[in-house]
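Encoded as structure tokens, the structure appears first; notes follow it.
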Amino acid sequence: MRIIFAGTPDFARVALAQLHAAGFEIALVLSQPDRPAGRGMKLQASSVKQFALDNNLPVAQPRSLRLDGKYPEDAATAREAIEGARADAMVVAAYGLILPQWVLDVPARGCFNIHASLLPRWRGAAPIHRAIEAGDSETGISIMQMDAGLDTGDMLLVEKLAIQPADTTATLHDRLAALGGRLMVEALELAACGGLTPVKQPAQGISYAHKIEKHEAAIDWTQGAAVIERRIRAFNPFPVAASPVTGDTLKVWAATVLPGRVPAGARPGQVLAAGDQGVDVAAADGVLRLTKLQKPGGKPLDAAEFLRGFPLAPGALFGGNPGAAP
């Protein structure tokens, strides 16, 4: 089966690698244009593009696929490449560009999407983050036949995956990426022999995983301890939860909820204790122990090592607006 693959970040690279290893003929790879990154802000290829180059796969990087949009020349050139690939199917995983109807119509078997949630829950851009933030006990991969809507197409294959209590977006991302690649290989093998049965998405249980914004990193200490702890895990590795204290904005990479209630008279954000095990901070309904922190210009450190270079005394107060997190 000849396929076109459209994807950009590491989540998509994992799927592309599995499809390549499974022997599918990859006629064209679409990925977003190179972006400036790193200290020198030099242009860097996406993970998907780098894999394609390393494996001698043809790559196109249009800024848009809309023929009537801002970059019609890019779209027209991409159309020539997509139509010229004569693909049986297109696989889409975290590509980042909207696919107009003309793209959906080109492959003989249509376009298949790898979506990191149990649809229709968490349609949209950030399903992994939002599942952890909401306290979901499970998530999964949905292989979907794409249509013109936002993650509204028929489901072809679905597999559940438990969310572990200590999962961050980083750890859950890696397990879902591996599952997505495996399930996509299975879906294409079934499609080749007519073994897929499309199933309409349920009309109930729809929710949207809106894009993560940097301002969401600000910790609100008036929230419950469990809510804050979930947000810390959800925003690891981006944008990383943050809060100002003693004039600096600290990033919080990991925390645990301590048993018991918050001591009487403690203010939300108040440091109750600081030691090798962590920094205990009062939340609305309990105490959160911060176990991995990062100061501006520093590296993420376990609490014991962090406190040797950035002491925090009981009574110090986290809170306010962190502004631009470091």
Side-chain angles (χ1 to χ4, degrees), residues 126 128-139 162-172 207 210 212-296 298-326:
I128 303 175
H129 302 77
R130 299 306 183 192
I132 292 176
E133 182 186 17
D136 291 0
S137 62
E138 64 179 10
T139 183
I163 299 177
Q164 302 300 326
D167 264 332
T168 64
T169 288
T171 60
L172 187 56
S207 62
H210 299 291
I212 302 296
E213 303 289 350
K214 285 187 176 181
H215 70 81
E216 295 184 74
I219 296 174
D220 179 359
W221 295 100
T222 65
Q223 292 182 323
V227 172
I228 298 172
E229 188 271 342
R230 291 199 305 266
R231 288 172 67 87
I232 290 169
R233 289 188 290 114
F235 299 155
N236 174 352
F238 176 85
V240 187
S243 187
V245 64
T246 63
D248 286 301
T249 296
L250 304 184
K251 290 184 176 182
V252 181
W253 288 84
T256 58
V257 179
L258 297 183
R261 295 172 176 260
V262 64
R267 298 170 59 188
Q270 182 179 335
V271 175
L272 305 175
D276 287 352
Q277 299 303 309
V279 179
D280 297 350
V281 184
D285 60 356
V287 178
L288 198 64
R289 174 167 287 172
L290 314 184
T291 57
K292 192 170 188 178
L293 303 98
Q294 181 182 5
K295 66 181 180 182
K299 298 183 296 184
L301 300 171
D302 290 338
E305 188 176 359
F306 177 84
L307 289 169
R308 285 196 284 273
F310 198 104
L312 285 169
L317 194 65
F318 281 92
N321 183 0

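Counting begins at 1 with the first residue of the sequence.
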Please walk me through it: do F318 and I219 pass side chain to side chain contact (heavy atoms under 4.5 Å, CB included)?
CA-CA 9 Å; F318 281 92; I219 296 174; over 6 Å; no
Could you give me the CA-CA distance, side-chain angles and deciding distance for W253 and T168, then say whether side chain to side chain contact (heavy atoms under 4.5 Å, CB included) is met?
CA-CA 9 Å; W253 288 84; T168 64; over 6 Å; no
Using the rule given for side chain to side chain contact (heavy atoms under 4.5 Å, CB included), can you reason through Q294 versus F306, listing the C-alpha separation, both sets of side-chain angles and the distance that settles it, and then say yes or no?
CA-CA 7 Å; Q294 181 182 5; F306 177 84; 5.7 Å; no
Applying side chain to side chain contact (heavy atoms under 4.5 Å, CB included), run through F310 and L301 and close with a yes or a no.
CA-CA 11 Å; F310 198 104; L301 300 171; over 6 Å; no
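Closest approach of A303 and G278 over heavy atoms only: CB-CA, 3.4 Å. Considering every non-hydrogen atom in both A283 and V262, the closest pair reads O-CG2, 4.0 Å. When all heavy atoms of P268 and L317 are compared, the closest pair comes out as O-CD1, 3.8 Å. The shortest heavy-atom contact between R233 and D167 is NH1-O, 2.7 Å. Scanning all heavy atoms of the two residues, the minimum distance from A126 to H210 falls at CB-O, 3.5 Å. Heavy atoms only, all atoms of each residue included: E229 and L288 are closest at CB-CD1, 3.8 Å.
D285 places a side-chain N or O within donor-acceptor distance of the main-chain N or O of A225, the cut-off being under 3.5 Å. Under the 3.5 Å distance criterion, the side-chain polar atoms of E305 are left unmatched by any main-chain donor or acceptor of D302. Between the side chain of T169 and the backbone N or O of A234 there is at least one donor-acceptor pair closer than 3.5 Å.
Within 6.0 Å of the CD atom in Q277, the count of heavy atoms belonging to other residues, nucleotides or ligands does not exceed 12.
Applying the side chain to side chain donor-acceptor pair (under 3.5 Å) criterion to S207, with sequence neighbours excluded, gives no partner residue. For D136, the side chain to side chain donor-acceptor pair (under 3.5 Å) partners are R121, W122, not counting sequence neighbours. Contacts of F235 classified as ring-ring contact (aromatic ring centres under 6.0 Å, His included), with partners at least two apart in sequence or in another chain: none. E133 pairs by the side chain to side chain donor-acceptor pair (under 3.5 Å) definition with R130, R231, not counting sequence neighbours.
L272 contributes atom CG, which lies 9.0 Å from atom CG of L258 (distance to the nearest 0.5 angstrom). Taken from CG in N236 to CG in L172, the straight-line distance is 12.0 Å, to the nearest 0.5 Å. In this structure, L290 CG and L312 CG are separated by 9.0 Å, a value rounded to the nearest 0.5 Å.
Evaluation of the salt bridge (Lys or Arg N to Asp or Glu O under 4.0 Å) test over residues 262-274, restricted to residues two or more places apart or in two chains, returns none. Sorted by first and then second residue, the salt bridge (Lys or Arg N to Asp or Glu O under 4.0 Å) pairs involving residues 274-283 (not counting sequence neighbours) are D280-R289.
With contacts defined as side-chain heavy-atom distances shorter than 4.5 Å, the pair I163/S137 does not qualify. With contacts defined as side-chain heavy-atom distances shorter than 4.5 Å, the pair I212/P239 qualifies. The closest side-chain heavy-atom distance from I228 to I232 is below 4.5 Å.
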